[in-house]
Amino acid sequence: IDNAIGKNLWKTARGSRVTSTSPIIAKIQGRYQAIVSSNGSVDGYDLSNSEILWTYKGISGNTILSPPFVDNRIFVGEQGKSRAFCIAFP
């Protein structure tokens, strides 16, 4: 969203998934990305054009907390298996 005029800069089609998380912004491999955690996956979108850059699927219950990004790692809590895990980037 452009703060000056309140207009969407880009929007992307996504399947309907449950989430209460807010996207986070992180610089991964030299690109600023919106990281979105919603039931079933964590996805990275290029901020400049809304292109999906990567997705991590097969998880459940990751619908409450926004995942922290620290030292090129995204930490995700998963209710289905009562565990937390890390997605690491080079």
Side-chain angles (χ1 to χ4, degrees):
I1 296 177
D2 183 322
N3 287 338
I5 60 175
K7 180 182 174 186
N8 282 341
L9 296 176
W10 60 261
K11 186 175 182 178
T12 190
R14 294 181 35 145
S16 177
R17 290 183 254 161
V18 175
T19 189
S20 296
T21 68
S22 296
I24 64 167
I25 306 302
K27 189 174 184 180
I28 300 173
Q29 299 173 332
R31 298 169 98 168
Y32 283 100
Q33 301 179 26
I35 311 302
V36 181
S37 181
S38 59
N39 196 35
S41 73
V42 179
D43 308 299
Y45 295 90
D46 188 315
L47 281 184
S48 67
N49 61 15
S50 78
E51 172 189 3
I52 188 157
L53 300 171
W54 56 269
T55 188
Y56 187 95
K57 294 183 179 182
I59 53 180
S60 64
N62 56 317
T63 59
I64 303 299
L65 300 174
S66 297
F69 179 77
V70 179
D71 295 329
N72 286 327
R73 293 172 175 84
I74 298 171
F75 296 89
V76 181
E78 180 180 20
Q79 181 181 358
K81 298 176 184 168
S82 295
R83 66 182 181 124
F85 63 93
C86 172
I87 303 169
F89 296 90

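Remember, it's a predicted structure, so these values are computed and weren't measured experimentally.
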Check whether any side-chain heavy atom of [X] sits under 4.5 Å from a side-chain heavy atom of [Y], and report yes or no.
| X | Y | result |
| --- | --- | --- |
| Asn39 | Ser60 | yes |
| Ile87 | Phe69 | no |
| Leu53 | Ile28 | no |
| Cys86 | Phe75 | yes |

Problem - N/O donor-acceptor pair under 3.5 Å between Ser66 side chain and Ile24 backbone - result: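 Looks like no, no N/O pair under 3.5 Å.
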
Exercise for the section: Look only at the side chain of Asn49 and the backbone of Glu51, and say whether a donor-acceptor pair between them is shorter than 3.5 Å. Expected result: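 It does hold such a pair.
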
If you compare all heavy atoms of [X] against all heavy atoms of [Y], which two are closest, and at what distance to 0.1 Å?
| X | Y | result |
| --- | --- | --- |
| Ile35 | Pro67 | CG2-CG, 4.4 Å |
| Ser37 | Val42 | OG-CG2, 3.9 Å |
| Gly44 | Gln33 | CA-OE1, 3.9 Å |
| Asn72 | Pro90 | ND2-O, 4.3 Å |
| Ser41 | Thr55 | CB-OG1, 3.9 Å |
| Glu78 | Phe85 | OE1-CE2, 4.0 Å |

Exercise for the section: Give the cluster check for Tyr56 versus Ile52: same hydrophobic cluster or not, with ILVMFWY residues linked at side-chain heavy-atom distances below 4.5 Å. Expected result: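 The answer is no; the residues belong to distinct hydrophobic clusters.
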
Handout entry: More than 12 heavy atoms of other groups within 6.0 Å of Asp71 CG
Key =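 Incorrect, the count does not exceed 12.
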
Handout entry: side-chain contact (heavy atoms from CB on, under 4.5 Å) between Phe89 and Ile74, worked out
Key = CA-CA 9 Å; Phe89 296 90; Ile74 298 171; 3.6 Å; yes

